[in-house]
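FYI, side chains are in, hydrogens and waters are out, and symmetry mates aren't considered; it's all heavy atoms of this structure. A, B, ... follow the sequence lines: proteins, then strands. Residue 1 opens every chain.
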Number of protein chains: 2
Amino acid sequence: MQNNLDFLTRFLVDQYSFPAEETLLLSKFKRVNVKKNCLLLTSGEVCQYAYFICNGCLRTYFIDGKGEEKTRYIAFENKFVSAFASFITQAPSAECVQALEDSELLRIRQADFYQLVDTNAIFSKLYRQSLEQAQVIATWRIETMISMTAKERYENLLERMPQVVLRLSNKHVASFLGITQESLSRLKKKG
Amino acid sequence: MQNNLDFLTRFLVDQYSFPAEETLLLSKFKRVNVKKNCLLLTSGEVCQYAYFICNGCLRTYFIDGKGEEKTRYIAFENKFVSAFASFITQAPSAECVQALEDSELLRIRQADFYQLVDTNAIFSKLYRQSLEQAQVIATWRIETMISMTAKERYENLLERMPQVVLRLSNKHVASFLGITQESLSRLKKKG
DNA sequence: TAAATTTTTTATCATTTGTCAATGTTTGAT
DNA sequence: ATCAAACATTGACAAATGATAAAAAATTTA
(Lines give C-alpha, C1' and ligand atoms only; values in the text may rest on other atoms or scores of the structure.)
Protein backbone atom coordinates (compact mmCIF):
# COMPACT_ATOMS: atom_id res chain seq x y z
CA MET A 1 0.00 0.00 0.00
CA GLN A 2 1.44 3.27 -1.09
CA ASN A 3 0.23 5.21 1.90
CA ASN A 4 2.04 2.89 4.28
CA LEU A 5 5.06 4.86 3.23
CA ASP A 6 3.72 8.25 4.12
CA PHE A 7 6.06 8.72 7.04
CA LEU A 8 9.17 7.95 5.05
CA THR A 9 8.01 9.91 2.02
CA ARG A 10 7.30 12.99 4.08
CA PHE A 11 10.65 12.67 5.80
CA LEU A 12 12.54 12.31 2.53
CA VAL A 13 10.67 15.13 0.85
CA ASP A 14 11.14 17.45 3.81
CA GLN A 15 14.71 16.62 4.71
CA TYR A 16 16.27 15.51 1.44
CA SER A 17 14.29 17.21 -1.35
CA PHE A 18 13.16 13.82 -2.49
CA PRO A 19 10.90 14.19 -5.54
CA ALA A 20 7.44 13.34 -4.22
CA GLU A 21 6.50 11.69 -7.52
CA GLU A 22 9.24 9.07 -7.18
CA THR A 23 7.70 7.23 -4.29
CA LEU A 24 7.78 4.07 -6.38
CA LEU A 25 11.43 3.84 -5.39
CA LEU A 26 10.24 3.29 -1.87
CA SER A 27 8.34 0.14 -2.73
CA LYS A 28 11.13 -2.00 -1.31
CA PHE A 29 10.23 -0.77 2.14
CA LYS A 30 7.78 -2.93 4.03
CA ARG A 31 5.77 -1.89 7.02
CA VAL A 32 6.35 -3.74 10.27
CA ASN A 33 4.51 -3.03 13.50
CA VAL A 34 6.06 -4.39 16.66
CA LYS A 35 5.26 -4.47 20.34
CA LYS A 36 7.44 -3.06 23.07
CA ASN A 37 10.40 -5.34 23.87
CA CYS A 38 10.13 -7.14 20.53
CA LEU A 39 13.52 -8.42 19.38
CA LEU A 40 14.15 -7.59 15.72
CA LEU A 41 17.61 -9.11 15.67
CA THR A 42 19.38 -11.38 18.15
CA SER A 43 23.12 -11.80 18.45
CA GLY A 44 24.54 -14.45 16.16
CA GLU A 45 22.10 -13.67 13.36
CA VAL A 46 23.13 -11.80 10.24
CA CYS A 47 21.42 -8.42 10.11
CA GLN A 48 19.20 -8.50 7.01
CA TYR A 49 17.32 -5.27 7.49
CA ALA A 50 17.63 -1.59 8.14
CA TYR A 51 14.66 -0.03 9.90
CA PHE A 52 13.17 3.41 9.52
CA ILE A 53 11.23 4.46 12.61
CA CYS A 54 7.86 6.07 11.80
CA ASN A 55 6.75 5.92 15.41
CA GLY A 56 8.35 4.45 18.50
CA CYS A 57 11.85 3.67 19.62
CA LEU A 58 14.58 1.15 18.86
CA ARG A 59 17.83 0.34 20.58
CA THR A 60 20.87 -1.76 19.74
CA TYR A 61 22.53 -3.54 22.63
CA PHE A 62 24.96 -6.32 23.37
CA ILE A 63 25.69 -8.69 26.23
CA ASP A 64 28.94 -7.90 28.01
CA GLY A 65 31.41 -10.26 29.71
CA LYS A 66 29.33 -10.40 32.90
CA GLY A 67 26.12 -11.18 31.06
CA GLU A 68 24.70 -7.66 31.35
CA GLU A 69 22.86 -5.86 28.57
CA LYS A 70 24.65 -2.71 27.41
CA THR A 71 22.90 -0.25 25.13
CA ARG A 72 25.04 1.18 22.37
CA TYR A 73 22.47 3.18 20.44
CA ILE A 74 18.96 4.54 20.90
CA ALA A 75 16.85 6.22 18.24
CA PHE A 76 13.33 7.57 17.91
CA GLU A 77 11.15 8.80 15.04
CA ASN A 78 12.65 9.56 11.61
CA LYS A 79 15.89 7.70 12.12
CA PHE A 80 17.32 4.62 10.48
CA VAL A 81 18.51 1.88 12.80
CA SER A 82 20.44 -1.27 12.12
CA ALA A 83 23.17 -3.42 13.59
CA PHE A 84 25.61 -1.52 11.38
CA ALA A 85 28.63 -3.79 11.57
CA SER A 86 26.60 -6.86 10.61
CA PHE A 87 24.43 -5.03 8.09
CA ILE A 88 27.51 -3.74 6.29
CA THR A 89 29.57 -6.91 6.37
CA GLN A 90 26.77 -9.51 6.46
CA ALA A 91 28.68 -11.29 9.21
CA PRO A 92 26.84 -12.56 12.33
CA SER A 93 25.95 -9.70 14.63
CA ALA A 94 27.26 -9.23 18.14
CA GLU A 95 24.47 -6.75 18.72
CA CYS A 96 20.75 -7.18 19.20
CA VAL A 97 18.09 -4.79 17.91
CA GLN A 98 15.02 -4.29 20.08
CA ALA A 99 11.94 -2.09 20.21
CA LEU A 100 11.66 -0.17 23.48
CA GLU A 101 8.14 1.05 22.70
CA ASP A 102 5.34 -0.22 20.48
CA SER A 103 6.72 0.90 17.13
CA GLU A 104 5.69 1.43 13.55
CA LEU A 105 8.66 0.66 11.35
CA LEU A 106 9.58 0.39 7.71
CA ARG A 107 12.19 -2.18 6.91
CA ILE A 108 14.29 -2.74 3.83
CA ARG A 109 16.52 -5.68 2.94
CA GLN A 110 20.26 -5.10 2.85
CA ALA A 111 20.63 -5.86 -0.87
CA ASP A 112 17.70 -3.63 -1.79
CA PHE A 113 19.07 -0.87 0.38
CA TYR A 114 22.49 -0.93 -1.25
CA GLN A 115 20.91 -1.14 -4.66
CA LEU A 116 18.97 2.03 -3.95
CA VAL A 117 22.11 3.68 -2.61
CA ASP A 118 24.11 2.66 -5.66
CA THR A 119 21.54 3.62 -8.27
CA ASN A 120 19.82 6.65 -6.83
CA ALA A 121 21.60 9.91 -6.16
CA ILE A 122 19.23 10.99 -3.41
CA PHE A 123 19.54 7.72 -1.56
CA SER A 124 23.27 7.85 -1.97
CA LYS A 125 23.31 11.28 -0.40
CA LEU A 126 20.85 10.19 2.27
CA TYR A 127 23.04 7.28 3.23
CA ARG A 128 26.18 9.39 3.27
CA GLN A 129 24.52 11.99 5.46
CA SER A 130 23.18 9.28 7.73
CA LEU A 131 26.69 7.93 8.14
CA GLU A 132 28.05 11.41 8.80
CA GLN A 133 25.35 12.04 11.36
CA ALA A 134 26.03 8.70 12.99
CA GLN A 135 29.67 9.72 13.20
CA VAL A 136 28.78 12.98 14.93
CA ILE A 137 26.64 11.11 17.46
CA ALA A 138 29.31 8.49 18.06
CA THR A 139 31.89 11.24 18.53
CA TRP A 140 29.67 12.88 21.10
CA ARG A 141 29.24 9.61 22.99
CA ILE A 142 32.97 8.92 23.02
CA GLU A 143 33.72 12.45 24.18
CA THR A 144 31.28 12.20 27.09
CA MET A 145 32.64 8.81 28.10
CA ILE A 146 36.28 9.89 28.21
CA SER A 147 35.76 13.28 29.80
CA MET A 148 32.76 13.25 32.12
CA THR A 149 31.62 11.67 35.36
CA ALA A 150 28.40 9.64 35.35
CA LYS A 151 26.55 12.63 36.77
CA GLU A 152 27.80 14.96 34.06
CA ARG A 153 26.94 12.42 31.40
CA TYR A 154 23.40 12.18 32.73
CA GLU A 155 22.93 15.94 32.68
CA ASN A 156 24.44 16.12 29.23
CA LEU A 157 22.06 13.41 28.01
CA LEU A 158 19.13 15.31 29.46
CA GLU A 159 20.16 18.31 27.35
CA ARG A 160 21.12 16.53 24.18
CA MET A 161 18.65 13.66 24.02
CA PRO A 162 15.92 14.43 26.55
CA GLN A 163 13.67 11.86 24.91
CA VAL A 164 15.88 9.08 26.19
CA VAL A 165 15.30 10.15 29.79
CA LEU A 166 11.65 11.14 29.32
CA ARG A 167 10.43 8.14 27.39
CA LEU A 168 12.52 5.23 28.61
CA SER A 169 12.98 3.37 31.87
CA ASN A 170 15.88 4.10 34.20
CA LYS A 171 17.16 0.65 33.44
CA HIS A 172 17.68 1.52 29.79
CA VAL A 173 18.96 5.01 30.51
CA ALA A 174 21.57 3.55 32.88
CA SER A 175 22.52 0.93 30.32
CA PHE A 176 23.00 3.66 27.71
CA LEU A 177 25.11 5.76 30.10
CA GLY A 178 27.27 2.76 30.97
CA ILE A 179 26.40 2.72 34.68
CA THR A 180 24.20 0.62 36.98
CA GLN A 181 20.56 1.41 37.69
CA GLU A 182 21.49 1.96 41.33
CA SER A 183 24.07 4.61 40.45
CA LEU A 184 21.60 6.39 38.21
CA SER A 185 18.99 6.33 40.96
CA ARG A 186 21.47 8.00 43.32
CA LEU A 187 22.57 10.59 40.76
CA LYS A 188 18.99 11.64 40.19
CA LYS A 189 18.34 12.05 43.88
CA LYS A 190 21.40 14.17 44.59
CA GLY A 191 20.41 16.38 41.61
CA MET B 1 55.16 16.25 -8.32
CA GLN B 2 53.37 13.11 -9.31
CA ASN B 3 55.50 10.79 -7.26
CA ASN B 4 54.69 12.66 -4.09
CA LEU B 5 51.44 10.78 -4.32
CA ASP B 6 52.92 7.33 -4.47
CA PHE B 7 51.67 6.36 -1.03
CA LEU B 8 48.10 7.35 -1.72
CA THR B 9 48.13 5.91 -5.23
CA ARG B 10 49.41 2.58 -4.03
CA PHE B 11 46.83 2.53 -1.24
CA LEU B 12 43.96 3.33 -3.59
CA VAL B 13 45.08 0.86 -6.21
CA ASP B 14 45.58 -1.90 -3.68
CA GLN B 15 42.54 -1.33 -1.50
CA TYR B 16 40.00 0.24 -3.84
CA SER B 17 40.88 -0.96 -7.35
CA PHE B 18 41.64 2.59 -8.29
CA PRO B 19 42.75 2.77 -11.97
CA ALA B 20 46.46 3.50 -11.75
CA GLU B 21 46.28 5.64 -14.88
CA GLU B 22 43.90 8.09 -13.23
CA THR B 23 46.34 9.52 -10.77
CA LEU B 24 45.63 12.96 -12.20
CA LEU B 25 42.55 12.93 -10.02
CA LEU B 26 44.87 12.97 -7.06
CA SER B 27 46.46 16.26 -8.02
CA LYS B 28 44.37 18.08 -5.45
CA PHE B 29 46.34 16.36 -2.71
CA LYS B 30 49.36 18.29 -1.44
CA ARG B 31 52.22 16.85 0.50
CA VAL B 32 52.79 18.17 3.99
CA ASN B 33 55.59 17.04 6.28
CA VAL B 34 55.22 17.86 9.94
CA LYS B 35 57.22 17.40 13.10
CA LYS B 36 56.05 15.53 16.18
CA ASN B 37 53.57 17.58 18.24
CA CYS B 38 52.74 19.87 15.31
CA LEU B 39 49.19 21.22 15.58
CA LEU B 40 47.37 20.93 12.27
CA LEU B 41 44.11 22.35 13.61
CA THR B 42 43.34 24.16 16.86
CA SER B 43 39.93 24.44 18.45
CA GLY B 44 37.88 27.36 17.20
CA GLU B 45 39.23 27.06 13.67
CA VAL B 46 37.16 25.66 10.83
CA CYS B 47 38.65 22.40 9.60
CA GLN B 48 39.70 23.01 5.99
CA TYR B 49 41.57 19.80 5.31
CA ALA B 50 41.39 16.06 5.46
CA TYR B 51 44.75 14.34 5.86
CA PHE B 52 45.95 11.05 4.48
CA ILE B 53 48.78 9.59 6.55
CA CYS B 54 51.65 8.22 4.42
CA ASN B 55 53.91 7.85 7.45
CA GLY B 56 53.48 8.78 11.06
CA CYS B 57 50.56 9.28 13.41
CA LEU B 58 47.79 11.80 13.99
CA ARG B 59 45.32 12.25 16.81
CA THR B 60 42.24 14.37 17.36
CA TYR B 61 41.68 15.65 20.87
CA PHE B 62 39.71 18.23 22.81
CA ILE B 63 40.06 20.09 26.08
CA ASP B 64 37.58 18.94 28.71
CA GLY B 65 35.87 20.94 31.46
CA LYS B 66 38.91 20.64 33.76
CA GLY B 67 41.34 21.81 31.09
CA GLU B 68 42.68 18.32 30.36
CA GLU B 69 43.43 17.03 26.87
CA LYS B 70 41.27 14.04 25.90
CA THR B 71 42.10 12.00 22.83
CA ARG B 72 39.11 10.94 20.75
CA TYR B 73 40.84 9.34 17.79
CA ILE B 74 44.27 8.04 16.83
CA ALA B 75 45.34 6.84 13.40
CA PHE B 76 48.52 5.64 11.71
CA GLU B 77 49.57 4.93 8.12
CA ASN B 78 46.99 4.65 5.31
CA LYS B 79 44.15 6.33 7.15
CA PHE B 80 42.32 9.57 6.57
CA VAL B 81 42.06 11.90 9.55
CA SER B 82 40.08 15.07 10.04
CA ALA B 83 38.05 16.88 12.65
CA PHE B 84 34.97 15.27 11.14
CA ALA B 85 32.25 17.41 12.66
CA SER B 86 33.92 20.64 11.56
CA PHE B 87 35.07 19.27 8.20
CA ILE B 88 31.52 18.17 7.38
CA THR B 89 29.70 21.25 8.62
CA GLN B 90 32.42 23.89 8.17
CA ALA B 91 31.58 25.17 11.64
CA PRO B 92 34.38 25.99 14.11
CA SER B 93 35.94 22.84 15.52
CA ALA B 94 35.86 21.82 19.16
CA GLU B 95 38.64 19.38 18.37
CA CYS B 96 42.31 19.83 17.64
CA VAL B 97 44.32 17.73 15.19
CA GLN B 98 47.92 16.98 16.11
CA ALA B 99 50.83 14.88 14.87
CA LEU B 100 52.13 12.49 17.52
CA GLU B 101 55.15 11.53 15.42
CA ASP B 102 57.08 13.19 12.63
CA SER B 103 54.64 12.55 9.81
CA GLU B 104 54.39 12.60 6.03
CA LEU B 105 50.88 13.62 5.10
CA LEU B 106 48.79 14.40 2.05
CA ARG B 107 46.13 16.99 2.59
CA ILE B 108 43.13 17.95 0.51
CA ARG B 109 40.81 20.93 0.88
CA GLN B 110 37.24 20.26 1.95
CA ALA B 111 35.65 21.57 -1.26
CA ASP B 112 38.06 19.59 -3.44
CA PHE B 113 37.40 16.51 -1.40
CA TYR B 114 33.64 16.72 -1.75
CA GLN B 115 33.99 17.51 -5.43
CA LEU B 116 35.98 14.33 -5.91
CA VAL B 117 33.43 12.39 -3.87
CA ASP B 118 30.54 13.82 -5.89
CA THR B 119 32.06 13.34 -9.32
CA ASN B 120 34.10 10.16 -9.02
CA ALA B 121 32.55 6.80 -8.31
CA ILE B 122 35.68 5.38 -6.72
CA PHE B 123 36.08 8.31 -4.39
CA SER B 124 32.43 8.15 -3.53
CA LYS B 125 32.84 4.52 -2.59
CA LEU B 126 36.08 5.25 -0.78
CA TYR B 127 34.41 7.91 1.30
CA ARG B 128 31.42 5.74 2.07
CA GLN B 129 33.65 2.87 3.14
CA SER B 130 35.75 5.24 5.24
CA LEU B 131 32.61 6.42 6.99
CA GLU B 132 31.46 2.85 7.51
CA GLN B 133 34.84 1.90 8.89
CA ALA B 134 34.83 4.94 11.16
CA GLN B 135 31.44 3.78 12.42
CA VAL B 136 32.79 0.33 13.21
CA ILE B 137 35.71 1.85 15.15
CA ALA B 138 33.47 4.28 17.00
CA THR B 139 31.12 1.42 17.88
CA TRP B 140 34.04 -0.52 19.28
CA ARG B 141 35.15 2.43 21.40
CA ILE B 142 31.65 3.00 22.77
CA GLU B 143 31.26 -0.69 23.55
CA THR B 144 34.52 -0.83 25.49
CA MET B 145 33.67 2.33 27.40
CA ILE B 146 30.23 1.13 28.53
CA SER B 147 31.16 -2.44 29.32
CA MET B 148 34.78 -2.70 30.48
CA THR B 149 36.97 -1.60 33.36
CA ALA B 150 40.06 0.48 32.62
CA LYS B 151 42.21 -2.65 32.85
CA GLU B 152 40.05 -4.55 30.40
CA ARG B 153 40.04 -1.60 28.02
CA TYR B 154 43.82 -1.47 28.13
CA GLU B 155 44.16 -5.17 27.34
CA ASN B 156 41.58 -4.83 24.60
CA LEU B 157 43.49 -1.90 23.11
CA LEU B 158 46.69 -3.92 23.18
CA GLU B 159 44.94 -6.58 21.10
CA ARG B 160 43.03 -4.37 18.73
CA MET B 161 45.39 -1.43 18.21
CA PRO B 162 48.78 -2.51 19.56
CA GLN B 163 50.43 0.33 17.67
CA VAL B 164 48.84 2.83 20.05
CA VAL B 165 50.55 1.24 23.03
CA LEU B 166 53.80 0.43 21.24
CA ARG B 167 54.41 3.73 19.49
CA LEU B 168 52.89 6.36 21.77
CA SER B 169 53.59 7.70 25.24
CA ASN B 170 51.61 6.54 28.27
CA LYS B 171 50.24 10.01 28.53
CA HIS B 172 48.52 9.69 25.17
CA VAL B 173 47.47 6.09 25.72
CA ALA B 174 45.84 7.09 29.01
CA SER B 175 44.15 10.04 27.35
CA PHE B 176 42.76 7.73 24.65
CA LEU B 177 41.52 5.24 27.26
CA GLY B 178 39.85 7.99 29.25
CA ILE B 179 41.91 7.46 32.42
CA THR B 180 44.79 9.24 34.16
CA GLN B 181 48.46 8.49 33.51
CA GLU B 182 48.75 7.34 37.11
CA SER B 183 45.96 4.79 36.71
CA LEU B 184 47.52 3.47 33.52
CA SER B 185 50.87 3.17 35.21
CA ARG B 186 49.33 1.08 37.98
CA LEU B 187 47.35 -1.12 35.57
CA LYS B 188 50.50 -1.97 33.66
CA LYS B 189 52.33 -2.94 36.84
CA LYS B 190 49.61 -5.22 38.19
CA GLY B 191 49.18 -6.86 34.73
C1' DT C 1 -9.08 -6.01 40.99
C1' DA C 2 -5.50 -9.01 42.69
C1' DA C 3 -1.40 -11.37 42.07
C1' DA C 4 2.83 -11.63 39.86
C1' DT C 5 6.51 -9.50 37.76
C1' DT C 6 9.45 -5.85 36.87
C1' DT C 7 11.43 -1.62 38.11
C1' DT C 8 13.09 1.72 41.39
C1' DT C 9 14.92 3.11 45.64
C1' DT C 10 17.73 2.66 49.69
C1' DA C 11 21.49 1.09 52.51
C1' DT C 12 25.93 -0.99 53.35
C1' DC C 13 30.26 -2.32 51.96
C1' DA C 14 33.99 -3.32 48.42
C1' DT C 15 36.51 -1.94 44.51
C1' DT C 16 38.06 1.06 41.12
C1' DT C 17 39.73 5.22 39.78
C1' DG C 18 41.06 10.05 40.69
C1' DT C 19 43.85 13.60 43.21
C1' DC C 20 47.85 15.29 45.04
C1' DA C 21 52.57 15.21 46.17
C1' DA C 22 57.11 13.44 45.85
C1' DT C 23 60.62 11.13 43.33
C1' DG C 24 62.82 8.86 39.39
C1' DT C 25 63.50 8.62 34.54
C1' DT C 26 63.72 9.93 29.81
C1' DT C 27 64.04 13.20 26.21
C1' DG C 28 65.42 17.13 23.80
C1' DA C 29 67.85 21.43 23.27
C1' DT C 30 71.96 23.88 23.72
C1' DA D 1 77.80 16.20 27.92
C1' DT D 2 74.73 19.09 30.64
C1' DC D 3 70.69 21.05 31.94
C1' DA D 4 65.88 21.78 31.73
C1' DA D 5 61.59 20.16 30.69
C1' DA D 6 58.50 16.61 30.05
C1' DC D 7 57.10 12.12 31.32
C1' DA D 8 56.53 7.97 34.32
C1' DT D 9 56.18 5.82 38.72
C1' DT D 10 54.86 5.36 43.49
C1' DG D 11 52.33 6.13 47.78
C1' DA D 12 48.64 7.92 50.71
C1' DC D 13 44.22 9.32 50.66
C1' DA D 14 39.54 10.79 48.68
C1' DA D 15 35.75 10.28 45.69
C1' DA D 16 33.00 7.80 42.48
C1' DT D 17 30.96 3.76 41.18
C1' DG D 18 29.90 -1.25 41.57
C1' DA D 19 27.93 -5.35 44.09
C1' DT D 20 24.67 -7.22 46.91
C1' DA D 21 20.54 -7.45 49.38
C1' DA D 22 16.17 -5.91 50.82
C1' DA D 23 12.17 -3.18 50.59
C1' DA D 24 9.01 -0.06 48.15
C1' DA D 25 6.72 1.30 44.02
C1' DA D 26 5.03 0.70 39.53
C1' DT D 27 3.52 -2.05 35.79
C1' DT D 28 1.71 -6.03 33.57
C1' DT D 29 -1.06 -10.04 33.40
C1' DA D 30 -4.60 -13.08 34.60
Between [N] ([atom2]) and [X] ([atom1]): distance, integer Å:
X	N	atom1	atom2	answer
B/Glu182	D/dT10	CD	P	12 Å
A/Met148	C/dG18	CE	P	16 Å
B/Lys171	C/dT26	NZ	P	18 Å
B/Arg186	C/dT19	CZ	P	11 Å
A/Ile146	C/dG18	CD1	C1'	16 Å
A/Ile179	D/dA16	CD1	P	13 Å
A/Arg153	C/dT17	CZ	P	13 Å
A/Leu184	C/dT7	CG	C1'	12 Å

Is the phosphate of [N] approached by [X] (side-chain N or O, under 4.0 Å from OP1 or OP2)?
X	N	answer
B/Thr180	C/dT17	no
B/Ser183	C/dT17	no
A/Asn170	C/dT9	yes

- With the threshold set at 4.0 Å, does a side-chain nitrogen-carboxylate oxygen contact exist between B/Arg167 and B/Glu77?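 Here B/Arg167 pairs with B/Glu77 in a salt bridge, since their nearest N and O are under 4.0 Å apart.
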**Prompt:** Using 4.0 Å as the upper bound for N to carboxylate O, is an ion pair formed by A/Asp112 and A/Arg107?
**Reply:**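 Salt bridge: no.
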Query raised in the report: Any donor-acceptor pair under 3.5 Å linking the side chain of B/Glu45 with the backbone of B/Thr42?
Result: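 A pair under 3.5 Å: yes.
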Note to self: Looking only at the aromatic ring of each residue, does the gap between the centers of B/Tyr127 and B/Phe113 stay below 6.0 angstrom?
What the structure shows: yes
Exercise. Starting from the 5' end of DNA chain C, give me the residue, B/Leu187 or B/Lys36, whose nearest nucleotide shows up first.
Key: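 Counting from the 5' end, the first nearest nucleotide belongs to B/Leu187.
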Which of D/dC7, C/dT19, D/dT17 is nearest the side chain of A/Ala150? It is D/dT17
